[in-house]
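Here the structure is laid out as structure tokens; the discussion comes afterwards.
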Amino acid sequence: MTEKREFKAIKGTRDILPPDSALWNWFEQTARDVFETYGFRDIRTPVFEETELFARSIGVETDVVNKEMFTFSTGHDPDSTGESAPDRTYSLRPEATASVARAYIENEMQTLPGNAKLYYMGPMFRRERPQKGRYRQFYQIGAEVLGQSDAPAIDAEVLEMLVVFFKRVGLTRTTLYVNSIGCKDCRPQYVELLREKLREVKDQLGPDSQRRIETNPLRVLDSKLPQEQPIIAKLPRISDHLCAECREHFAKLNEELGLRGIVYEENWRLVRGLDYYTRTTFEVTAEGLGSQNAVCGGGRYDGLVELLGGPPTKGIGFAIGSDRAILSMQEGGKLPHLPGLAVFVAWMGQAAYPTAVNITRKLRTAGLAVELPAEEMKFKKSLGLADKLGASYALIIGEDEVASNTFTLKRLADSEQKKLSELELLEYLESERRGSR
RNA sequence: GUGAGCGUAGCUCAGCUGGUAGAGCAUCGGUCUGUGGCACCGAGGGUCGCGGGUUCAAUCCCCGUCGCUCACCCCA
């Protein structure tokens, strides 16, 4: 207890411990289950890539690339021989879409049949100041569809999958916002129009928004400042300035979403921070999160693969912030009941020990979570520990049981107990296990 | 990068107008060698984040520093 705490988790990182880790596993497993029913399959990419990959796909001017990446130099690459070897820098991934696009190109996935439907989950890294729901190492679950088609039905299916997932994990009280931010043809025109209008009202805006007029006018639209809201409400809306193709695409998407019964809100002020987004963009917000309330963001990125040197390819995807989603679930109350320790083996006396060891192994073979005390304990202590560990049952093995070749199984919730033969015990617990799932 | 708030036991927190520290919970042991949750008794655990200043004396006042939290920016 007098240890000096010499080491601690570095700023913005944290340990996810039991019992939370069980919730995390369940959350991620549910994503796998749902996504695979939609024909998605797992892709695992490295957690670091060449800095340039992120710079080019996310955009050099974005904050994510500009000031939030953990970047390190390769130093002396043991593989390179000459002094003229390029000194490359690597960065921990701030998101994974760029990596998936890179992998798509590198592995020539355009030659695979159908669209590439990929999902991933894992840690991402951004060097921001931590706050509620924001970490420097945070976790995302994402999915991407890459291929030749940009059919609105793909967008709708991706959104349907998202909604189904959130429902499955019990994350209610969420809102899905959908928008279209146009394509490389119509968006620049709108951005210029917006910039002009913003210049006219510049003196009514705060310093942040004034700066954004030149750097990124779209960002003014999602300003949180109350005094700017009336001004923003009068700004031109992108939905009125989409090109014919984008307008058609967005209309079809609305139709497709209706067909699937997906409840959403059109939000003309929803813009995304990453450069690669085109047309469809969306976001899901949840309750109980402080000011970082987006649990999922995504959209279409039709030019990205080509931008990275790949073949002309359409793409759409999203990323769920697991930290935030799970936080929201925990704040919201109803969490799943996850199975914990099934059986605590309360053995007493050295004569009972071999029996305890053997039955423990058999129960574990049957798939049950079993705790076997390594040292003999007082019987009361034993049951007390079983209780504290949250075991469903205590399996009592003492002189009596050994003598009669039976086991005493006690259900801790209601103190119900009975004597069983080994066969009866195994059958009973196995049926219990199946029933509890 | 900017701003605000907070740092006392493993956790949650008391600690008056300055006089060198307490509670609850948790942990461990006992009452209790075949029946847990309860109760009672006891134990361990603190350089009061760190450094400096003021003072006879600092957990308390002042300065600095580090850390945490929340918010801004931005984003999942």
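Proteins get letters first, then strands, A, B, ... in listed order; numbering begins at 1 in each.
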Exercise. Taking the side chain of R324(A) as its heavy atoms from C-beta onward, which of A76(B), C73(B), G30(B) lies nearest to it?
Worked result: A76(B)

For this session: Could you state the atom-to-atom distance from CG of N216(A) to P of C75(B) in whole Å?
Result: 8 Å

For this session: Assign Q417(A) to base, sugar-phosphate, or nothing according to its heavy-atom contacts below 4.0 angstrom with the strands shown.
Result: base

For this session: Tell me which nucleotide among C74(B), G34(B), G67(B) gets nearest to the side chain of R219(A).
Result: C74(B)

For this session: May I have the distance from E61(A) (atom CD) to C74(B) (atom P), rounded to whole angstrom?
Result: 14 Å

Problem set entry | For Y276(A), ring pair (Phe, Tyr, Trp, His ring centres under 6.0 Å) partners two or more places apart | Y301(A)

Problem set entry | Minimum-distance nucleotide (side-chain atoms of E399(A) versus G34(B), C70(B), A76(B)) | G34(B)

Exercise. Is there a donor-acceptor contact under 3.5 Å from the side chain of R14(A) to the main chain of Y135(A)?
Worked result: no

Problem set entry | Atom-pair distance (CZ on R129(A); C1' on C73(B)), nearest Å | 11 Å

Exercise. What is the nucleic acid contact for R127(A), judged by heavy atoms within less than 4.0 Å: base, sugar-phosphate only, or nothing?
Worked result: nothing

For this session: Give a yes/no answer on whether the side chain of R134(A) brings an N or O atom under 4.0 Å of OP1 or OP2 in U69(B).
Result: no

Problem set entry | Residues K117(A), E157(A): salt bridge by 4.0 Å N-O rule | yes

Exercise. Just how far, in rounded Å, is C1' of C72(B) from NZ of K132(A)?
Worked result: 17 Å

For this session: Tell me which nucleotide among G29(B), C28(B), G34(B) gets nearest to the side chain of K388(A).
Result: C28(B)

Problem set entry | Residues T215(A) and E61(A): side-chain donor-acceptor under 3.5 angstrom | no

Problem set entry | Between C1' of A4(B) and CD of Q131(A), the distance in whole Å | 13 Å

Exercise. Can you find a donor-acceptor pair, distance only, under 3.5 Å between E128(A) side chain and A76(B) base?
Worked result: yes

Exercise. Is G142(A) touching bases, backbone alone, or none of the nucleic acid, heavy atoms closer than 4.0 Å?
Worked result: nothing

Seminar exercise, completed: From the list L372(A), L395(A), V343(A), V370(A), side-chain contact (heavy atoms from CB on, under 4.5 Å) partner of I359(A) resolves to L395(A)

Exercise. Counting any heavy atom closer than 4.0 Å, what does R126(A) reach on the DNA or RNA strands: base, sugar-phosphate only, or nothing?
Worked result: base

For this session: Under 4.0 Å between any heavy atoms, over every strand shown, what does Q292(A) touch: base, sugar-phosphate, or nothing? Just pick one.
Result: base

Problem set entry | Span that lies between the P atom of U8(B) and that of G15(B), in whole angstrom | 14 Å

Exercise. Which nucleotide, A76(B), G34(B), A71(B), lies nearest any side-chain atom of E401(A)?
Worked result: G34(B)

Exercise. Do T360(A) and E371(A) have side-chain atoms, one donor and one acceptor, less than 3.5 Å apart?
Worked result: no

Exercise. For V34(A) and Y38(A), what are the C-alpha separation, side-chain angles and deciding distance, and is it a side chain to side chain contact (heavy atoms under 4.5 Å, CB included)?
Worked result: CA-CA 7 Å; V34(A) 171; Y38(A) 280 80; 4.3 Å; yes

Exercise. What is the nucleic acid contact for A386(A), judged by heavy atoms within less than 4.0 Å: base, sugar-phosphate only, or nothing?
Worked result: nothing

Problem set entry | side-chain N/O K378(A) vs G30(B) OP1/OP2, d < 4.0 Å | yes

Exercise. Any idea which of C70(B), C68(B), C74(B) is nearest the K11(A) side chain?
Worked result: C68(B)

Exercise. Between I320(A) and S291(A), which is nearer to the 5' end of RNA chain B once each is assigned its nearest nucleotide?
Worked result: S291(A)

For this session: Would you mind telling me which of A71(B), C72(B), G29(B) lies closest to the side-chain atoms of K381(A)?
Result: G29(B)

Exercise. Rounding to a whole Å, what distance do you find between K8(A):NZ and C50(B):C1'?
Worked result: 12 Å

Exercise. Any chance the side chains of Q137(A) and T13(A) put a donor and an acceptor closer than 3.5 Å?
Worked result: no

For this session: Report which part of the nucleic acid K410(A) touches: base, sugar-phosphate, or nothing (heavy-atom distance under 4.0 Å, all strands).
Result: base

Seminar exercise, completed: Taking C32(B), G34(B), A71(B) as options, the one with an atom nearest any side-chain atom of D400(A) is G34(B)

Exercise. Is the closest side-chain donor-acceptor distance between E36(A) and Y119(A) under 3.5 Å?
Worked result: yes

For this session: For F344(A), answer base if it contacts any base atom (sugar-phosphate contacts may also be present), sugar-phosphate if it contacts only those atoms, and nothing otherwise; contact means non-hydrogen atoms under 4.0 Å.
Result: nothing

For this session: Check every strand shown and say whether G398(A) touches a base, only sugar-phosphate, or nothing at a heavy-atom separation below 4.0 Å.
Result: base

For this session: Indicate, with a heavy-atom threshold strictly under 4.0 Å, whether D387(A) touches base, sugar-phosphate, or nothing.
Result: base

For this session: Taking only the side-chain heavy atoms of D323(A) (C-beta and beyond), determine which of A76(B), C73(B), C70(B) contains the nearest atom.
Result: A76(B)

For this session: Give the dot-bracket string for RNA chain B, reading 5' to 3', where a pair is Watson-Crick or G-U wobble with both distances under 3.5 Å, ( ) marks pairs inside the strand, [ ] marks pairs crossing earlier ones, | marks a partner on another strand, and . marks unpaired.
Result: (((((((..((((.....[..)))).(((((.......))))).....(((((..]....))))))))))))....

